[in-house]
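In this chain, residues are counted from 1 in sequence order.
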Amino acid sequence: GLSSCILIGHSMGGQNAAHVAAMYPSYVSKVAILDKTPAGPAVRSQTPAEEIASIDPLTADWPLPFSDRAQASEFMNRELESKLAVDYFMNSLIETEEGYAMMFSSQAMAANIAYNIDWYDRLTEIHCPALLIRAKNGDNMPDDVWEKAKSLLPNNIAREMPGTDHNVHLSHPELFYTYLDEFLQP
């Protein structure tokens, strides 16, 4: 088996990577958290899972399932602000008997949002080297959250990507990989 690994997670994956690094420090040698805020409600929702509406807020108003990929592309190009977002969601489509739907479960997305809580305390439990990357002008990591996250993470390299795109690993790939390569150096 693996003796250790390097975890790199974006958005919800960044939160998952942070939790694994904190909970299993002997298995994680480095962790990269890409554009994921540790801010959230102080108390977890007590709503039972079966009572959470199966609605992903981002795709709630989308005409899902799409009849074909052309309809999906036309809709996304009209509704989404960036080509990167269009590419991401087009790559997230799967063909079902009903048409083209998102590969992620709207119930899982809704539950993740409903049950998400503030996880700043988890940052203090990460002792391996950590890379934090945010979109400098994005919505996910406002300046106050960014500064607090950096101050709580004891062994971090913090980098900012220009612009607002949440897909920090895709928005400026050369710059992203420069940061990642720097971080991965022994």
Legend entry - Heavy-atom closest pair, residues I6 and S29: CG1-OG, 3.5 Å
Inset, instruction - Could you tell me which residues satisfy salt bridge (charged side-chain N to carboxylate O under 4.0 Å, His left out) with D144, sequence neighbours excluded, listed by chain and number? - result: none
Inset, instruction - Look at atom CZ of F176 and say whether more than 12 heavy atoms of other residues, nucleotides or ligands are closer to it than 6.0 Å. - result: yes
Inset, instruction - Can you establish whether the number of heavy atoms outside Y27 located under 6.0 Å from its atom OH is more than 12? - result: no
Legend entry - Between S82 and D165: side-chain donor-acceptor atoms closer than 3.5 Å: yes
Inset, instruction - Taking atom CD of E98 as the centre, report whether more than 12 heavy atoms of other residues, nucleotides or ligands fall under 6.0 Å from it. - result: yes
Legend entry - Side-chain donor/acceptor of R122 to backbone N/O of H19, under 3.5 Å: no
Legend entry - Verify same cluster id: L132, Y179 (apolar side-chain graph, 4.5 Å): no
Inset, instruction - For W119 and T37, indicate whether the former's side chain and the latter's backbone hold a donor-acceptor pair under 3.5 Å. - result: yes
Inset, instruction - May I ask you to test the D121-L123 pair for a side-chain heavy-atom distance under 4.5 Å? - result: no
Inset, instruction - Look only at the side chain of Y177 and the backbone of H169, and say whether a donor-acceptor pair between them is shorter than 3.5 Å. - result: no
Inset, instruction - Look at atom CG of D61 and say whether more than 12 heavy atoms of other residues, nucleotides or ligands are closer to it than 6.0 Å. - result: no
Inset, instruction - Answer with yes or no whether the side chains of Q107 and D56 bring together a donor and an acceptor at under 3.5 Å. - result: no
Inset, instruction - Any chance you could measure R134, atom CZ, to M161, atom CE, to the nearest 0.5 Å? - result: 12.5 Å
Legend entry - Donor-acceptor pair, side chain of E174 and main chain of H172, under 3.5 angstrom: no
Inset, instruction - Enter the distance from T96:OG1 to M102:CE here, rounded to the nearest 0.5 Å. - result: 12.0 Å
Inset, instruction - Identify whether the distance between the nearest side-chain nitrogen and carboxylate oxygen of R159 and E182 falls below 4.0 Å. - result: yes
Legend entry - Stepwise side chain to side chain contact (heavy atoms under 4.5 Å, CB included) check, L131 with N156: CA-CA 6 Å; L131 174 64; N156 79 77; over 6 Å; no
Inset, instruction - Indicate whether any N or O donor in one side chain lies under 3.5 Å from an N or O acceptor in the other, for E51 and T47. - result: no
Legend entry - Sidechain-backbone polar pair: D118 side chain, Y120 backbone, donor-acceptor under 3.5 Å: yes
Legend entry - Under 3.5 Å donor-acceptor, N91 side chain and Y88 backbone: no
Legend entry - Separation of D87 CG from S92 OG (nearest 0.5 Å): 10.5 Å
Inset, instruction - Measure the CZ-CG distance between F75 and L64 for me, rounded to the nearest 0.5 Å. - result: 7.5 Å
Inset, instruction - Considering non-hydrogen atoms only, spot the tightest contact between S171 and V168 and give its length. - result: OG-O, 3.6 Å
Inset, instruction - Starting at NZ of K148, measure out to CE of M141 and round the result to the nearest 0.5 Å. - result: 11.5 Å
Inset, instruction - Using modelled atom types only, decide if a donor and an acceptor are shared between the side chain of N140 and the backbone of D35 within a distance under 3.5 Å. - result: yes
Inset, instruction - Answer with yes or no whether the hydrophobic clustering places L175 together with L170; edges join I, L, V, M, F, W, Y residues whose side-chain heavy atoms lie under 4.5 Å apart. - result: no
Inset, instruction - Is it possible for you to say whether L93 and W62 belong to one hydrophobic cluster, with membership spreading through side-chain heavy-atom contacts below 4.5 Å? - result: yes
Inset, instruction - Taking Q71 for its side chain and S67 for its backbone only, find out whether a donor-acceptor pair lies under 3.5 Å. - result: yes
Legend entry - Verify same cluster id: L84, L58 (apolar side-chain graph, 4.5 Å): no
Legend entry - Side-chain donor/acceptor of H10 to backbone N/O of H166, under 3.5 Å: yes
Legend entry - Rounded distance (nearest 0.5 Å) linking atom NZ of K83 with atom CE of M76: 12.5 Å
Legend entry - Student check: side-chain heavy atoms of H127 and N155 closer than 4.5 Å: no
Legend entry - Short side-chain to backbone donor-acceptor contact, K30 and F183, under 3.5 Å: yes
